[in-house]
Chemist: 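There's a structure below that I have some questions on.
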Protein chains: 2
Amino acid sequence: MAVKRRMGPEISGTRTVLIDAVEAVMREDGYGALSARSVARRAGLKYQIVFYYFETMDDLLLTSYRRRTQTVLERTEAALHSRRPLHAIWAASSDPFDAALSLEYIALSNHNPLIRSETIAFGERLRRMVADKLSRLPATAGLDPGIFTPIGITLSLSLMGSILGFETALGISGGHRETKTIAEWCLRQLEPDTRPATAKGRQA
Amino acid sequence: MAVKRRMGPEISGTRTVLIDAVEAVMREDGYGALSARSVARRAGLKYQIVFYYFETMDDLLLTSYRRRTQTVLERTEAALHSRRPLHAIWAASSDPFDAALSLEYIALSNHNPLIRSETIAFGERLRRMVADKLSRLPATAGLDPGIFTPIGITLSLSLMGSILGFETALGISGGHRETKTIAEWCLRQLEPDTRPATAKGRQA
DNA sequence: GTCTATACACCGATAGAC
DNA sequence: GTCTATCGGTGTATAGAC
């Protein structure tokens, strides 16, 4: 299974630099522009070095994607443990910088079998995690729990947020203000700010 | 501006076949797999014929995209004129077959300047159209019109629907049932079925 | 650890034969 | 209207020099 040629170590600065370069190329030029040459160029190295650290381009891509999903997993976990989980998840999913990369990987999943199976497995795992940790919502708004389940609400908000974020990165803004207004209203209803208001003008 | 070499007519069966092939390749293998060779192969022709009908690959791609946006525009217009516009828009946006192609074009916009400007212009135009035609919602649920604007509601639903559709095409289903439950509840509240119920068991 | 050299397939695009 | 032939550039991947 393993390749015959000489390979570099699993832990290496250059290896990390190459993975960083994959993300940079994905963000700026999309997955279609991704190649050993484009990645190495971005890292300031000759393209053959890619094959010293990674068996194939798919290997590099999958490694990069796994680092990415790990980051998302950790951020989601942190958001679920924060004071207002839904607010935190909304903020994270609608961030334009991250949304662009996420959508690129999602689109890539559509025709790369390795990335697709990883996306499916990761997506299901992430949602199970959310469903477990957020098994009960603060029923502040008196919502029907048969309709408004924690996973349904969380997913609705993060799906909306992620496209809004991507569109912002792209340069589309029509209807965003109105959509955010609705989302933020829902967030306020579901997670009212219970913290005592900070006296204005007294910040250090 | 125009190219020097001999070019085919604007109206031609082969031209249409090539545009159909672009959509097929985009759907099945993604925009990264799109090339004159892959498109022609799909159409059962030699790849050089592409450059007889289209000046460049970008020209072919943009032409295909414009046919696509035109279709979406017409469907949206039809949905807005239907008995329950929001229900119709939800159904259209969450269709997996269409959602996959749409997302592919959106992702492509991220790194192809021509497609990007087309996407931005089309997105804004579509939303203006929705905002104009749907300037008032049936205020059945007693919602605050300062929060729940027609464009905000429509966009929220179509954003959710389009990713659900794409994920379905991809093979992810976690949380979908719960999310659809919420969306459909909202749709029922906003657009209750006023048509007299059909007697069951009497269908032709 | 990174480089040069090399292999072969595919890319967009053009010119000209039929 | 569609084909063959051809171009330089880029794609993944390997072998071996330094």
Side-chain angles (χ1 to χ4, degrees), chain A residues 1-22 24-26 28-65 104 108 111-115, chain B residues 1-22 24-26 28-65 104 108 111-115:
Chain A
M1 221 51 171
V3 95
K4 279 170 177 284
R5 69 176 185 278
R6 196 155 62 96
M7 300 288 298
E10 289 283 314
I11 294 170
S12 139
T14 302
R15 219 180 120 97
T16 307
V17 162
L18 289 173
I19 295 173
D20 292 340
V22 167
V25 172
M26 286 277 276
E28 290 169 33
D29 304 310
Y31 74 80
L34 220 149
S35 69
R37 280 172 157 95
S38 65
V39 168
R41 196 182 309 124
R42 159 83 46 175
L45 292 164
K46 300 292 169 181
Y47 68 88
Q48 292 91 338
I49 204 71
V50 168
F51 302 102
Y52 174 63
Y53 287 104
F54 300 92
E55 294 197 359
T56 61
M57 277 303 291
D58 263 359
D59 180 23
L60 165 59
L61 195 52
L62 190 59
T63 304
S64 303
Y65 189 42
E104 205 68 34
L108 175 56
H111 79 268
N112 182 314
L114 262 115
I115 300 294
Chain B
M1 220 55 172
V3 96
K4 279 169 175 289
R5 68 178 186 274
R6 197 157 61 99
M7 299 288 298
E10 290 282 313
I11 294 170
S12 140
T14 302
R15 220 180 119 95
T16 306
V17 163
L18 289 173
I19 295 174
D20 292 340
V22 166
V25 172
M26 285 277 277
E28 290 170 33
D29 304 310
Y31 73 79
L34 222 150
S35 70
R37 284 168 164 91
S38 66
V39 168
R41 196 181 311 125
R42 159 83 46 174
L45 293 163
K46 300 292 169 180
Y47 70 89
Q48 292 91 338
I49 204 71
V50 168
F51 302 101
Y52 173 64
Y53 287 104
F54 300 92
E55 295 198 358
T56 60
M57 276 303 291
D58 264 358
D59 180 22
L60 166 58
L61 195 51
L62 190 58
T63 304
S64 303
Y65 189 40
E104 205 67 34
L108 176 55
H111 82 266
N112 183 314
L114 263 114
I115 299 295

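Throughout, a chain's letter reflects where its sequence line sits, starting with A, and its residues are numbered from 1.
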Chemist: Quickly work out the B/Y31 OH to C/dC11 P distance and round it to whole Å.
Modeler: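 So the OH-P distance, B/Y31 to C/dC11, works out to 16 Å.
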Chemist: Would you kindly give the CG-to-C1' distance between B/D59 and C/dA13, to the nearest whole Å?
Modeler: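 Interatomic distance, CG of B/D59 to C1' of C/dA13: 13 Å.
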Chemist: Looking only at heavy atoms, which two atoms of A/V39 and A/A21 are closest? And how far apart?
Modeler: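 Looking at all heavy atoms of both residues, the closest pair is O-CB, 3.5 Å.
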Chemist: Taking only heavy atoms on the protein side, list every residue of residues 7-14 of chain B lying under 4.0 Å from any atom of DNA chain D, sorted numerically.
Modeler: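 The stretch gives B/P9, B/T14 as the residues lying under 4.0 Å from the strand, ordered by number.
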Chemist: What integer distance in Å separates B/L60:CG from C/dA13:C1'?
Modeler: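 In whole Å, C/dA13 C1' and B/L60 CG are 14 Å from each other.
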Chemist: When rounded to the nearest 0.5 angstrom, what is the spacing between CG in A/L108 and CG in A/L61?
Modeler: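 The CG atom of A/L108 sits 5.5 Å away from the CG atom of A/L61.
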Chemist: What integer distance in Å separates A/D29:CG from D/dT10:P?
Modeler: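 It is 14 Å, rounded to the nearest whole Å.
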Chemist: If we check side chain to side chain contact (heavy atoms under 4.5 Å, CB included) with A/V50, which of these qualifies: A/L18, A/T14, A/T56?
Modeler: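 When side chain to side chain contact (heavy atoms under 4.5 Å, CB included) is applied between A/V50 and each of A/L18, A/T14, A/T56, only A/L18 qualifies.
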Chemist: Looking only at the side chain of A/Y53 (C-beta and beyond, no hydrogens), which of the listed nucleotides C/dT4, D/dG1, C/dG1 gets closest?
Modeler: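 In terms of side-chain proximity for A/Y53, the closest of C/dT4, D/dG1, C/dG1 is C/dG1.
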Chemist: Expressed as a whole number of angstroms, how long is the span from A/L34:CG to C/dC11:P?
Modeler: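 Going from A/L34 (CG) to C/dC11 (P), I get 17 Å.
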Chemist: Can a donor-acceptor pair under 3.5 Å be found between the side-chain atoms of A/R6 and the base atoms of C/dG1?
Modeler: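 Between C/dG1 and A/R6, which were checked side chain against base, a qualifying N/O pair under 3.5 Å is present.
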Chemist: Whole angstroms only, please: what is the CG-P distance between A/L18 and D/dT12?
Modeler: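 From A/L18 CG to D/dT12 P: 13 Å.
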Chemist: Distances under 3.5 Å between protein N/O atoms and the N/O atoms of nucleotides 6-9 of chain D, please, pair by pair.
Modeler:
from, atom 1, to, atom 2, distance (Å)
D/dT6, O4, B/Y47, OH, 3.1

Chemist: Give a yes or no on whether the backbone of A/L60 and the side-chain of A/Y53 come within a donor-acceptor separation of less than 3.5 Å.
Modeler: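 No; judged by distance alone, with no hydrogens or angles, the pair does not exist.
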Chemist: Counting distance only, does the side-chain N/O of B/S12 pair as donor-acceptor with the main-chain N or O of B/P9 below 3.5 Å?
Modeler: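 Looks like no, no N/O pair under 3.5 Å.
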Chemist: How close or far is atom P of C/dG12 from atom NZ of B/K4, stated in whole angstroms?
Modeler: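 Rounded to whole Å, this separation is 23 Å.
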Chemist: So if I take every side-chain heavy atom of A/L45 and compare against C/dC3, D/dT12, C/dA13, which nucleotide ends up nearest?
Modeler: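 Minimum distance to the A/L45 side chain belongs to C/dC3.
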Chemist: Please check if the side chain of A/D59 supplies one atom and the backbone of A/E55 the other of a donor-acceptor pair under 3.5 Å.
Modeler: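 Yes, because the side chain of A/D59 sits within donor-acceptor range (under 3.5 Å) of the backbone of A/E55.
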Chemist: Out of curiosity, A/Y31 OH to A/I115 CD1, how far, rounded to the nearest 0.5 Å?
Modeler: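 So the OH of A/Y31 and the CD1 of A/I115 are separated by 11.5 Å.
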Chemist: Strictly distance-based, threshold 3.5 Å: is any side-chain N or O of B/R15 a donor or acceptor partner for the main-chain N or O of B/E10?
Modeler: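 Such a contact is found between B/R15 side chain and B/E10 backbone.
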Chemist: Round to the nearest Å and state the distance from B/Y52 atom OH to D/dG1 atom P.
Modeler: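 It works out to 4 Å between those atoms.
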Chemist: Looking at the side chain of B/K46, which of D/dA13, D/dC3, C/dT2 is the nearest nucleotide?
Modeler: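 Comparing D/dA13, D/dC3, C/dT2 against the side chain of B/K46, the answer is D/dC3.
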Chemist: Would you compute the distance between atom CD of B/E104 and atom CD of B/E28 and round it to the nearest 0.5 angstrom?
Modeler: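 Rounded to the nearest 0.5 Å, the CD-CD separation comes out at 11.5 Å.
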